[in-house]
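Report on one structure; see the data block that follows.
What you are looking at is a predicted structure, and each value in this text was computed from that prediction instead of being measured.
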Amino acid sequence: MNPIRLDASVYRTAEQLLRHNRGELVLNGSVRPRWAEDGARFWYTTDTAGGPRFLLVDPAKGSRQPAFDHPRLAKALSAASGLEVDAAALPFAAFDVSGEAVEFDAFDARWRCALDDYTCVAVGGAPSRELLDVVAPDGRHAVFRQAYNIRARSLADRREWALTDDGSADCDYGANPDYFMYSTLLGKLGIPNLPPAVLWSPDSRRVLTHRTDMRGVRETHLVEALPADGGPPVLRSQRFAHPGDERMPLAEFVVLDIESGKAVPALAEPVAMPMMSPISRRWAWWAEDGSAVYYLSSPRDLKTLSLHRLDPTSGEVRTILTESGPTRVEPAQLLGQAPMVKVLSGGAEVLWYSQRDNWGHLYLYGTRDGAPRAQVTSGQWAVQEILHVDEERRVVYFLASGLVEDDPYRRTVCRAGLDGTGFAKVTDDDLDHVVTVAPGGGHFIDSASTNAAPPVITVRGWDGRVRVELERTDASRLRATGWNPPERFRATAADGETEIHGMLYRPHGFDPDGRYPVVDHPYGFPSATRVVPCFDPGYYGYDAESLAALGFVVVAIDGRGAPGRDKVFHDHSYGRLGDAAGLADHVAALRELSRSRPWMDLDRVGAFGMSSGGFATVRAMLDFPEVFKAGVAECGVHDLRYAEQGVAEMYNGPFDAEKYAAVSNVDIADRLEGKLLLVHGGLDDSFSPHLTMRLVERLIAADKDFELLVVPSSDHAFVGYDHYLNRRRWDFLVRHVRGAEPPPGYRLTPVPMDAEAIAGLFG
């Protein structure tokens, strides 16, 4: 019997659900405030039938109103500039509130428009700054990198001067590691490198930076097969440490005085910099009064975390607090998260995050003696983010998970006294809360939702009361596609005891009497969760939603080893990344789910994922070939021995040849039985294509059939090629898991390759 052929409308619907398109289906799903008057007021844009509109919010007054009359401003600007201005598409995306006027940049000039009579006048040229400048808080100066050094520039008269002069290729000021500093993605945008890793002091007189010591760090290579000029292949080299390498990037902190040019180096050992600059990671910050710099450090084995105080005048460094443990000691569970460490009381106290009792909680210490003063929070739940500390009232406000009975991942706004008393919920409901705190901490923007309930976005005071409602998200267009919210489920892990959680996306047009193929969408590193608690599906959830439109049941599961819960659960993956954050638990969950959901066809199960999800996809097929019959593995980390040193050693522990061999798909490639598509970018500078090529060599040696797609000029995220990759992924899974044929000749629309579009892809 010939397989069915999908209609093009099915792919068209799936394409609508991809990340770059989905915003058209969900109106006013988020509010991105632009703060004015130190956070007392803010403006944002909202979606309307007539196009985007600017709204101005005054939380103290409880007001939300148009920031200005769009047609009147358009008419006034047109009259003043002599150019046509469309009120539905004003020629600026941002403005400053200045009393009863607004200022903005348009038509290569700076304009001021009085809101009483709508008179627009040019007030000078647009602010002059270079793309890679880092501008001081007072707007007078900027710093930038040039020839491995840091230079300063006056923005008023363009005068420049050197702040350092001894930088070199191996000892480069303000530099991140090469793969991050000079990434393939930046090159596509025409940007040579990142801005320098620097932090301005609050008074704009000094900058904190570091000299990046890359001496002796391993050099790796990529080949650009077809350069933009059409010339011959180009060798692209970068310094990139592997697990177990003796040399790794180091950061030597230094404080630079803008006016005098004086450099004050930190009188301490350099800080290990395995992944990115400690400044970029937010592991370093200025005291609010500029009297000190604080920074965190960890040794190579990551089993100790220390807080240090750097005197910016003398360079003296004092260690304030140190905590050690049997596995990694982290200032937060999620890899990219800001540390939950806050210095208080003019430097006399520090609020410190620790998982010493298995749950992530806050502790108060004195900084003079490093002695504990109080355990601020406690219980079988976890602090996820420090929001605000009211030092006068001695109260800390924070997000916590584990307080909603139905969902351990949902976040609740809470408060507690710094002495450990007075714990209370500020948002006492069963919703998930995503919070943005105003500068100065006077109030916060709260986006409350679940996977099924679109966000209601409000401004709240710290008493929890709503000061002004901003938006009620409209998801009617999303539902019109056939989308349904994912089903949250609980299951039992492979140990027969531990409760795990997941999300199940039902196929469009679901019929409970039908039988549907199943696709698992794993992520193998314990650095991020797959089970998101809010309405936004998250970076990987968009792909799951689009596959559901193609007729699949899609599951996302956080097995033992994933973050977001207690430390024992997270540490299950430590030193055993071959489990890919609980693949055995995925299998147990699939079997359990199918017993109560007979429409799940476990004879047709596939998997797909990217990066560590690509590793997990192949690992699932190698370890459980009786379950996973097909997979698409994109830019997979198939041999951790040759991956990025910092991530590898953080999650798999210090390098041990036997332990790291156990995390290699390469060494067990001969187990492959199902249908496999391997995909990798030829210029992937995060996880090199050689990680896939090593697997390919072993598959060939084992005489295994598979498909290989190399995108020669692509980076790790396939930016600019995602339309092609999405179609190839869909076609493969439709053929080899669903047992159908894709619509003939269907092509996805390419995503525009510009900075704004790329920013949209990554939130």
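- Taking 4.0 Å as the cut-off between side-chain N and carboxylate O, Glu385 and Arg411 do not count as a salt-bridged pair.
- Judged purely by atom type and a 3.5 angstrom limit, Glu644 uses its side chain to pair as donor or acceptor with the backbone of Gly646.
- A 4.5 Å side-chain heavy-atom check between Arg530 and Pro522 finds every atom pair outside the cut-off.
- Inter-residue side-chain proximity for Leu302 and Tyr651 is flagged as unmet; no heavy-atom pair is nearer than 4.5 Å.
- Ion pair Lys659/Asp656 not flagged as a salt bridge, since none of the NZ, NE, NH1 or NH2 atoms sits closer than 4.0 Å to an Asp/Glu carboxylate oxygen.
- Contact check for Tyr409 versus Arg565: side-chain heavy atoms found under the 4.5 Å cut-off.
- Using a 4.0 Å cut-off between a side-chain N of Lys or Arg and a carboxylate O of Asp or Glu, Arg247 and Asp213 qualify as a salt bridge.
- Counting heavy atoms from C-beta outward, Leu577 and Val637 have side chains that stay 4.5 Å or more apart.
- Taking CG of Asp520 as the start and CG of Leu583 as the end, the distance is 7.5 Å to the nearest 0.5 Å.
- Side chain of Thr212 to backbone of Ala175: a donor-acceptor contact under 3.5 angstrom is found.
- The number of heavy atoms from other shown groups lying within 6.0 Å of CD (Glu499) is above 12.
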Using side-chain contact (heavy atoms from CB on, under 4.5 Å), reason through Val389 and Val396 one step at a time and then give a plain yes or no.
CA-CA 4 Å; Val389 179; Val396 57; 3.9 Å; yes
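- Remark: Arg300 CZ is packed, more than 12 non-hydrogen atoms of other residues, nucleotides or ligands lying under 6.0 Å away.
- In this structure, Gln645 and Arg218 have side chains that are not in contact, with every pair of non-hydrogen atoms separated by 4.5 Å or more.
- Ring planes of Phe253 and His210: perpendicular class, angle over 60° (limits at 30 and 60°).
- Within the 3.5 Å criterion, the main-chain N or O of Tyr574 finds no donor-acceptor partner in the side chain of Asp571.
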With side-chain contact (heavy atoms from CB on, under 4.5 Å) as the test, would you mind laying out the steps for Leu399 and Val413 before giving the verdict?
CA-CA 5 Å; Leu399 282 176; Val413 181; 3.7 Å; yes
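- Residues satisfying the side chain to side chain donor-acceptor pair (under 3.5 Å) criterion with Thr498, sequence neighbours excluded, are Asp495.
- The distance from the CG atom of Asp558 to the CG atom of Asp585 is 10.5 Å, given to the nearest 0.5 Å.
- Here OG1 of Thr412 is found 6.0 Å from NE2 of His433. Values are rounded to the nearest 0.5 Å.
- At a threshold of 4.0 Å, the pair Asp172-Arg145 counts as salt-bridged, since one of the basic side-chain nitrogens sits closer than that to a carboxylate oxygen.
- Nearest approach of Trp200 to Val134, heavy atoms of both residues: NE1-O, 3.0 Å.
- The closest side-chain donor-acceptor pair between Thr692 and His680 falls under 3.5 angstrom.
- Here the shortest heavy-atom pairing between Ala338 and Ala332 reads O-CB, 4.0 Å.
- Although no hydrogens or angles enter the test, the distance criterion places a donor-acceptor pair under 3.5 Å between the side chain of Thr617 and the main chain of Gly609.
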Given side-chain contact (heavy atoms from CB on, under 4.5 Å), test Leu695 with Asp639 step by step and report yes or no.
CA-CA 8 Å; Leu695 178 60; Asp639 200 331; over 6 Å; no
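- Between Tyr660 and Phe655, the ring planes lie tilted relative to each other; the angle falls in the 30° to 60° range.
- Using modelled atom types, one finds a donor on one side chain and an acceptor on the other under 3.5 Å when comparing Asp536 with Tyr542.
- Of the residues listed (Arg619, Arg641, Arg694), the one engaging Ser664 in a side chain to side chain donor-acceptor pair (under 3.5 Å) is Arg641, and it is the only one.
- Annotation: the span from Asp715 atom CG to Tyr721 atom OH amounts to 8.5 Å, rounded to 0.5 Å.
- What you find for Arg328 and Ser573 is that their closest heavy atoms are NH2-OG, 4.5 Å.
- Shortest non-hydrogen contact noted between Val271 and Ser297 is CG1-CB, 4.1 Å.
- Side-chain atoms of Trp381 and Val383, non-hydrogen and from C-beta on, do get closer than 4.5 Å to each other.
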Mind running side-chain contact (heavy atoms from CB on, under 4.5 Å) on Phe718 and Val679 for me, showing each step along the way?
CA-CA 10 Å; Phe718 301 103; Val679 186; 3.8 Å; yes
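- What you find for His521 and Phe608 is that their closest heavy atoms are ND1-O, 2.9 Å.
- Evaluated for a side chain to side chain contact (heavy atoms under 4.5 Å, CB included) with Asp446, the options Leu431, Val435, Val434 yield exactly one hit, Val435.
- Asn652 contributes no side-chain N or O that, together with a main-chain N or O of Ala648, makes up a donor-acceptor pair within less than 3.5 Å.
- Closest approach of Leu334 to Ala528, counting heavy atoms only: CD2-CA, 4.3 Å.
- The closest donor-acceptor contact from the side chain of Tyr179 to the backbone of Asp684 lies at 3.5 Å or more, if one exists at all.
- In this structure, the separation between OG1 on Thr377 and CH2 on Trp359 is 12.0 Å, given to the nearest 0.5 Å.
- Remark: side-chain polar atoms of Ser449 are not paired, donor with acceptor, to backbone N or O of Pro455 under 3.5 angstrom.
- For the side chain to side chain donor-acceptor pair (under 3.5 Å) with Ser354, the qualifying choice from Lys567, Glu323, Gln375 is Glu323, the only one to do so.
- No donor-acceptor distance shorter than 3.5 angstrom exists from the side chain of Thr304 to the backbone of Ser324, with no hydrogens or angles considered.
- Under a 3.5 Å cut-off, the side chain of Arg19 and the backbone N or O of Asp543 do not form any donor-acceptor pair.
- Using a 4.5 Å cut-off on side-chain heavy atoms (C-beta onward), Ile557 and Phe489 make contact.
- Side-chain contact between Thr209 and Pro196 is absent, with no heavy atoms from C-beta onward closer than 4.5 Å.
- Annotation: Glu288, atom CD; neighbour count of heavy atoms from other residues, nucleotides and ligands within 6.0 Å does not exceed 12.
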So Asp406 and Arg488, salt bridge (Lys or Arg N to Asp or Glu O under 4.0 Å) or not? Walk me through it.
CA-CA 9 Å; Asp406 290 341; Arg488 307 285 296 201; over 6 Å; no
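- Ring geometry for His690 versus His242: interplanar angle of 30 to 60°, hence tilted.
- To the nearest 0.5 angstrom, Phe615 atom CZ is 4.5 Å from Asn665 atom CG.
- Side-chain contact check for Gln333 and Gln355: at least one donor-acceptor pair (N or O, by modelled atom type) lies under 3.5 Å.
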